[in-house]
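Below you'll find the structure, written out as structure tokens, and then a few comments.
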Amino acid sequence: MITIVVTAAVIERDDRLLVTRRQQGTHLEGYWEFPGGKCDPGETHAACLARELREELGASSAVGAEILSVTHAYPDRTVELHFFRCRLTSEPIPQMGQEMQWVTREQLGSLTLPPADAELVDLLIRRG
């Protein structure tokens, strides 16, 4: 089974977190997620995340500290996921037709997020 290295941004503004919805035809389509994506070979986590935020949201960003790293095995792949605090330096505008919303920490619990995000969601909701 292959392992895919992925980065994701935890972006908070006015006590709300930015999430996007995975598009039809993708792995875990319809799930809400923290924006980010797969690292290219030789790419640092910070460079990957900055690139993904530009590609997906047309936004410039400042990538901060890593909050959490998890490895999750799905039936068809293993994901090594790195979550980073990020600050956007421009307004996000979805570039691929994906849905985007700002949600409170409490609202995270009502969204369908990937199983690999469960520990982060727990951390954000219960520990602030």
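Computed from a predicted structure; not experimentally measured.
With hydrogens and angles disregarded, no donor-acceptor distance shorter than 3.5 Å links the side chain of Glu106 to the backbone of Thr104. Using modelled atom types, one side-chain atom of Ser90 and one backbone atom of Ser60 make a donor-acceptor pair closer than 3.5 Å. Side chain of Glu43 to backbone of Asp40: a donor-acceptor contact under 3.5 angstrom is found. With hydrogens and angles disregarded, a donor-acceptor distance shorter than 3.5 Å links the side chain of Gln23 to the backbone of Met96.
Two residues are said to be in side-chain contact when any heavy atoms from C-beta on lie closer than 4.5 Å; Leu108 and Leu124 meet this criterion. Residues Leu57 and Gln98 form a side-chain contact, since some pair of their non-hydrogen atoms from C-beta on lies under 4.5 Å apart. Contact of the Leu113 side chain with the Phe34 side chain is registered, since non-hydrogen atoms from C-beta on lie closer than 4.5 Å. Considering only heavy atoms from C-beta on, Pro94 stays 4.5 Å or farther from Glu56 through its side chain. Between Ile11 and Leu53, some side-chain heavy-atom pair lies under the 4.5 Å cut-off. The side-chain heavy atoms of Arg77 and Thr3, taken from C-beta on, include no pair separated by under 4.5 Å. Contact check for Val10 versus Leu120: side-chain heavy atoms found under the 4.5 Å cut-off. The side-chain heavy atoms of Leu17 and Trp102, taken from C-beta on, include no pair separated by under 4.5 Å.
In the hydrophobic clustering of this structure, Val79 does not group with Val5; members are Ile, Leu, Val, Met, Phe, Trp, Tyr whose side-chain heavy atoms approach within less than 4.5 Å, directly or through other members. Under a hydrophobic-cluster definition in which Ile, Leu, Val, Met, Phe, Trp and Tyr are linked whenever side-chain heavy atoms come within less than 4.5 Å, directly or via other members, Leu123 and Leu18 are assigned to different clusters. Trp32 and Met100 are assigned to two separate hydrophobic clusters, defined by single-linkage of ILVMFWY side chains at heavy-atom distances under 4.5 Å. Taking hydrophobic clusters as Ile, Leu, Val, Met, Phe, Trp and Tyr residues chained together by side-chain heavy-atom distances below 4.5 Å, Met1 does not share a cluster with Leu28.
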For a side-chain contact (heavy atoms from CB on, under 4.5 Å) check, start with the C-alpha distance between Leu68 and Leu81, then their side-chain angles and the critical distance, and finish with the verdict. CA-CA 8 Å; Leu68 180 68; Leu81 183 52; over 6 Å; no
Give the C-alpha distance, both sets of side-chain angles, the deciding distance and a yes or no for side-chain contact (heavy atoms from CB on, under 4.5 Å) between Gln101 and Leu111. CA-CA 11 Å; Gln101 64 177 323; Leu111 296 177; 3.9 Å; yes
Step by step, would you call Ser61 with Arg87 a side-chain contact (heavy atoms from CB on, under 4.5 Å)? CA-CA 6 Å; Ser61 61; Arg87 182 177 51 83; over 6 Å; no
Evaluate the side-chain contact (heavy atoms from CB on, under 4.5 Å) criterion for residues Asp117 and Phe83: first the C-alpha distance (whole Å), next the side-chain angles of each, then the deciding distance (0.1 Å), finally the verdict. CA-CA 9 Å; Asp117 292 6; Phe83 295 100; 3.4 Å; yes
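A salt bridge is absent between Arg85 and Glu66; no separation between the charged side-chain nitrogens and carboxylate oxygens falls under 4.0 Å. Salt bridge absent: Arg22 and Glu29 never bring a charged side-chain N and a carboxylate O closer than 4.0 Å. Checked for salt-bridge contact, Glu80 and Lys38 miss the test: no charged N lies under 4.0 Å from a carboxylate O. Glu55 and Arg51 are joined by a salt bridge, as a carboxylate oxygen and a charged side-chain nitrogen come within less than 4.0 angstrom of each other. Taking 4.0 Å as the cut-off between side-chain N and carboxylate O, Asp15 and Arg105 do not count as a salt-bridged pair.
Note: His82 NE2 to Cys39 SG = 7.0 Å, rounded to the nearest 0.5 Å. To the nearest 0.5 Å, atoms OG1 (Thr44) and CG (Leu49) are separated by 9.5 Å. Between the OG1 atom in Thr26 and the OH atom in Tyr31 there is a gap of 11.0 Å [rounded to 0.5 Å]. Note that NE2 of His72 is 9.0 Å distant from OG1 of Thr78, once rounded to the nearest 0.5 Å.
A search for salt bridge (charged side-chain N to carboxylate O under 4.0 Å, His left out) contacts involving Glu99 returns Arg21, not counting sequence neighbours.
The two residues Val63 and Ala50 have their closest heavy-atom pair at CG2-N, 4.2 Å.
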